[in-house]
Q: 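Once you've had a glance at the structure underneath, I'll fire off some questions.
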Amino acid sequence: MPARFKKILVANRGEIAIRVMRTCRELGLSTVAVYSEADRSALHVRQADQAFCVGPAPSRESYLNQQAILDAAKKSGADAIHPGYGFLSENASFVRACDAAGIAFVGPPASAMDSMGEKTRARSHMVKAGVPVVPGATEPFKTIDEARAFAEKVGFPVMLKAAGGGGGKGMRRVEKMADFESAWRAAKSEAMSSFGNDAVYLEKYLDQPHHVEIQVFADSSGNCIHLNERECSAQRRHQKVIEETPSPILNPELRAKMGEVAVRAAKSVGYVGAGTVEFLVDSTRSFYFLEMNTRLQVEHPVTEWVTGLDLVRWQLDVAQGGKLPFLEPLAPRGHSIEARVYAEDPAQNFMPSPGRIQYLRVPGGPNVRDDSGVFAGYEVPRFYDPMISKLSVWAPTREQAIARLERALSEYVVKGITTNLRYLTAILRHPDFVKGDYDTGFLARAHEQLLGKDDAKLTEVAMLAAAVWAQQQQEKAATKIASAASGASGSMWRHGRRR
Amino acid sequence: MPARFKKILVANRGEIAIRVMRTCRELGLSTVAVYSEADRSALHVRQADQAFCVGPAPSRESYLNQQAILDAAKKSGADAIHPGYGFLSENASFVRACDAAGIAFVGPPASAMDSMGEKTRARSHMVKAGVPVVPGATEPFKTIDEARAFAEKVGFPVMLKAAGGGGGKGMRRVEKMADFESAWRAAKSEAMSSFGNDAVYLEKYLDQPHHVEIQVFADSSGNCIHLNERECSAQRRHQKVIEETPSPILNPELRAKMGEVAVRAAKSVGYVGAGTVEFLVDSTRSFYFLEMNTRLQVEHPVTEWVTGLDLVRWQLDVAQGGKLPFLEPLAPRGHSIEARVYAEDPAQNFMPSPGRIQYLRVPGGPNVRDDSGVFAGYEVPRFYDPMISKLSVWAPTREQAIARLERALSEYVVKGITTNLRYLTAILRHPDFVKGDYDTGFLARAHEQLLGKDDAKLTEVAMLAAAVWAQQQQEKAATKIASAASGASGSMWRHGRRR
Amino acid sequence: MKTTRWFASTRKGEEPKAIDVTPLGESRYAVTLDGVKHELESLVLPHGAVSLILDGHSYAVEFEENQDEVKVLVKGQVTRVDIADERKLRMRAATAGFSVEGKQTVTAPMPGKVVKVLVKVGDEVKEGQGIVVVEAMKMENELKAPKAGKVTEVTAVEGTAVENGAKLVVIE
Amino acid sequence: MKTTRWFASTRKGEEPKAIDVTPLGESRYAVTLDGVKHELESLVLPHGAVSLILDGHSYAVEFEENQDEVKVLVKGQVTRVDIADERKLRMRAATAGFSVEGKQTVTAPMPGKVVKVLVKVGDEVKEGQGIVVVEAMKMENELKAPKAGKVTEVTAVEGTAVENGAKLVVIE
């Protein structure tokens, strides 16, 4: 494919659409946005050079609407489609549709996606390639009874998982048979709404493992390298909250070993492009293949920080037939941590809090990166993922990176909606996190501590502030009445007094 | 000084006060802000843990008021004062006052400042140390006649310069004797208001040299290293607008040579802390000592980008007696460029445009850094420097860094005041800048080109947008009248109709 | 200057504390709480935030008003302060005990879709028991019973969209 | 739907161009300029910016209104558009030529301090000649004569503060 891309359609929304468009702009490529009716006012629509509506708010009818997206690509004359993450990014049928339409898909070939995208098929492939996997089912269940029988066999706790995609969606841990039905139903319904595919399988639930993943990159000439790991054990409801690299539990030997296995996994399916091989690491530092995400990962910025690379630029290069510029692993430089800022209320069981952002101030200064898809005045819609920003930092050491991220979080101001900003700060200050010794059970175990106790001094400040604030409201009202009585400030206030 | 600092007073305002406080917060140090009456609502007041008013708006009465600042330091119990740049940062008498009060000054000792701070004395010192200097006066002039006679002798054009400080303030190029008096008056008055010292001297004006400066760092144990150069030739009215590192005109040999001379210059005056040795480089790549700035430089972020260091952290370490962590020069990694965002109108001869920022959206994404002291809703006061932000980027190559900075500038939205954002973009796109071949005369020569011509397509878009906008205003008014007539939306609109 | 007494409490049922506020001009006030007098300067910024300087200490404060309650955000901590003057306090005392007893209505805390209704009229529920599952932003959220009691009314219908504040279930 | 004709010009004295605007509902309009018809969707965002989609092309637009003129910011370009409907255009034609002739007043373009007054009453000045130096934000700014003529009035006083728009010098 020696012809160079000129125009890229980004088949996504929110921060990842903005992220991809940023690199496109730096490369001098035109961008095309697609948007649902609920996203007409979204930032990615304005950021793009062209924009097409692809359907109503529900993602099934818009961001998962393959035909509408291909139509927009044809209408705009786009050379390629970048799928971001989620939505159609791991949908092999969409890759085939792009191929058929003569539009490049920025991602792996459909065959590699087939092998890895369906999680159960991936497991069989890995077993064949000699990659260690977590004990579990090799294919989705046709009926709940089949699933129940299997769960009985491997023994509780088990993990129900969507076969069609990752990112914590359609995943449910089940402790006992009594909970099986509701978890099954929830997993299937989330799987359907997230991936358009409600196939669900299950695995033995490893007790409090670490979640460590390896970033891999392959070109179409058969070269494949890894770009180190990301530690993603700070999860709640299987949703990553904080990610970092290097992982505090890896040493160079384990990194090299896991990297080698990840590259072998990718090569075994003829992988091309950016991909992530996720592993569970247990307390003996044995590691098991969990799944491969065949697209750009949410947490890719931490890898960019310590390697100095632009992974989206690499994706576009490789999609145009370019070769990887080097093939030796790159030692990580310094340390990077990312925190996901969500529109949600940690104190209310992380209830999402859509609504209008009344005021926004984003942190800045040395080595702070904000990847966001929102703006002051934006109404966070209730139809999509509640993540509003990824805040990441770099520093020479892990200790300094934690301090820097804490500092950056303290500068973040989001008014109008509830966010998890304070909860994120609490994680960074928790002794287990500071020590670097936390597994996937950490956030659940530490939940009450992370919600935190009020500081008595700040409570006093708040009371004094509120009293003076009430006083000022009263003074303002009095001034209005006084000036209305004297007629000084026009007829509006006279009117106001009577209300 | 083995006792560790616990509390730092930042004797400055705006972005540099924020910059210093960020590092303090990361180090767990408390911060104390000082502010003038015009700055009560400024961001640095809120960012600090404590805040004290030090006088009325004019800097002479507040930010240059040594006694008020020392009083605030004593009252708050600060261990040290960080002066930022400008204001008292190069004032040896203030350093002595701090010493007398037992408060550490984060900067060089008064003796080194004496040697370098007074620009004419610095020149004599450098000549002794074997450092090449630009031909000119060795001390300030007592009278204008003396200055006139000297100008006559070295020959026009000459450069009038404030002896008491740098940063382009109190500097005037004079072409011919007829212009001498007004330039003299302007230089002296700016020098007084900027540095509290109206002493002025003059140098031969080199024709269109490059302005290249070397960052140096020295500890109190006599160690001194350089941290590479910054290219600062993109200047207007001797005010830097865009800075980058590495300089496109340096090779490793010249870098090493200039670095060695800069270190020699610093050592010759017993320098301690962060400093910058400014050189003019002519077309034969000969270089001349211009002056030494004995403080943190505005454009230090580009050095931080390519070295991975936090220079403010280093300043604080060294001020507590810490030794430099390494002594070998550090090869620059990748490329960094900074653009200064000003509240000014390039089309109106760069007239400052103070006023309220109605809306603000700051760029984000990979390797973009915004150092700003403003926020949405802030009123940029008319008393101080009109710089509202420094936007800097990093990329592996110069070409990519330019593309990234252009991309970031395109995301910057500042409503309510006029800024130079478009002018900055025009500089980045100018062929001479792209080639990396620009001297200190570049911006003046290219001025008309940089103001740019309107794009016919965008003008058409603007006309169509304006027509529809007018239509929408009309529709809105009609709706109001209609609903007022029906009484639907309350009495306010009935009132409105009559106005 | 005239001193006004305000009453502030941060927890339901807590005895309110008296705060005396005396204006000193230009956004400055003398405030007394628990017998300690402070000087407080409270500058309201254009976007509604407040820059507070309390005895030389600086705080960036954000307010959100919600009926009688003010949400105060300081250094990441959200404190809900119930603030009242004397007149209001007396009025409240007169109407106290009005809504503590009686039925509890479970409402939709956010717009979304009812995925599952887990109770029917007549069921006895325990405090904290799951009642309704609402899907919003691709996550399912289980609403729990605010108190033990009997379900007297079920308005939620599976598969339907609900707006913020919509009544779902009543428990008595 | 009803079509309205608007007149837009971007330069003083330029013949205004006609733009026909027909509402299509939901912020969408058919617009015709120079005989070419476009489809334009103009969504006004809460902070006053507009997201424009013109024949599928997306533009982030900011507006600032200034008397008769609208400042339109698109992709970094500021275009001052004078926009009028037919009634307004006719009114303007009637009053045209009103302020083109006659005296020119040099006013302070921003608040600051008068540092130097370079002319006195009776001086003949050339267009572009320096008249008054105003200091603001630590920079000195020289105001120049907008046209050649005679100085008839000098209100500026050295060393005094001036507000935005203050009269400094009159030239006839």
Side-chain angles (χ1 to χ4, degrees), chain B residues 7-10 13 17-18 21-22 24-25 28-54 56-57 68-69 71-78 355-361 373-381 414-417, chain C residues 1 4 6 8 10 19 21-67 70-81 83 137 163-165:
Chain B
K7 190 181 280 189
I8 311 287
L9 182 144
V10 182
R13 62 180 302 282
I18 302 293
M21 288 180 195
R22 281 177 166 146
C24 290
R25 175 160 290 213
L29 303 172
S30 299
T31 52
V32 183
V34 293
Y35 60 96
S36 75
E37 286 165 10
D39 268 346
R40 174 60 185 88
S41 66
L43 191 56
H44 74 285
V45 174
R46 275 184 291 155
Q47 197 93 337
D49 298 305
Q50 289 175 265
F52 296 89
C53 183
V54 289
I69 289 169
D71 286 348
K74 280 178 212 156
K75 214 148 119 189
S76 64
R356 189 171 307 281
I357 297 176
Q358 303 289 0
Y359 189 80
L360 181 68
R361 199 162 73 79
V374 304
F375 55 92
Y378 177 64
E379 176 148 5
V380 180
V414 185
K415 274 187 83 166
I417 57 171
Chain C
M1 292 283 265
T4 309
W6 294 92
T10 57
I19 301 176
V21 178
T22 313
L24 303 175
E26 295 185 51
S27 310
R28 291 185 310 112
Y29 298 86
V31 291
T32 307
L33 170 63
D34 293 336
V36 184
K37 194 170 169 180
H38 306 270
E39 190 173 319
L40 191 152
E41 190 183 335
S42 170
L43 182 77
V44 182
L45 299 168
H47 59 286
V50 165
S51 170
L52 209 75
I53 299 183
L54 175 64
D55 302 326
H57 289 262
S58 176
Y59 300 92
V61 182
E62 307 275 347
F63 291 99
E64 257 175 63
E65 215 175 347
N66 204 340
Q67 290 151 8
V70 188
K71 252 172 81 178
V72 187
L73 177 78
V74 191
K75 289 191 196 280
Q77 176 173 315
V78 177
T79 310
R80 285 158 211 277
V81 185
I83 193 91
M137 301 180 106
E163 286 307 309
N164 192 359

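Values below: every heavy atom of this structure, side chains too, minus hydrogens, waters and symmetry copies. All chains are named by letter (A, B, ...) in the order of the sequence lines, taking the proteins before the strands, and each is independently numbered beginning at 1.
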Q: Find the one option among C/S58, C/S27, C/P46 whose heavy-atom pairs under 4.5 Å with chain B are most numerous.
A: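 Of the options given, most contacts go to C/S58.
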
Q: Heavy-atom cut-off 4.5 Å, strictly under: side chain, backbone, both or neither for B/A376 against chain C?
A: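 Just its backbone gets close to chain C.
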
Q: Please check this pair: side chain of C/S51 against backbone of B/S41, looking for a donor-acceptor N/O pair closer than 3.5 Å.
A: no

Q: With chain C, which of B/V45, B/V32, B/D49 has the greatest number of heavy-atom pairs at distances under 4.5 Å?
A: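 If we count pairs closer than 4.5 Å to chain C, B/D49 comes out on top.
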
Q: For C/L45, is it the side chain, the backbone, both or neither that has a heavy atom under 4.5 Å from a heavy atom of chain B?
A: side chain

Q: With a 6.0 Å cut-off (strictly less than), is the heavy-atom count around CZ of B/R40, excluding the residue itself, greater than 12?
A: yes

Q: CG of C/L54 to CD of B/Q50: how many Å apart, nearest 0.5 Å?
A: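 One gets 11.0 Å once the value is rounded to the nearest 0.5 Å.
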
Q: Would you find more than 12 non-hydrogen atoms of other residues, nucleotides or ligands less than 6.0 Å from B/K75 atom NZ?
A: no

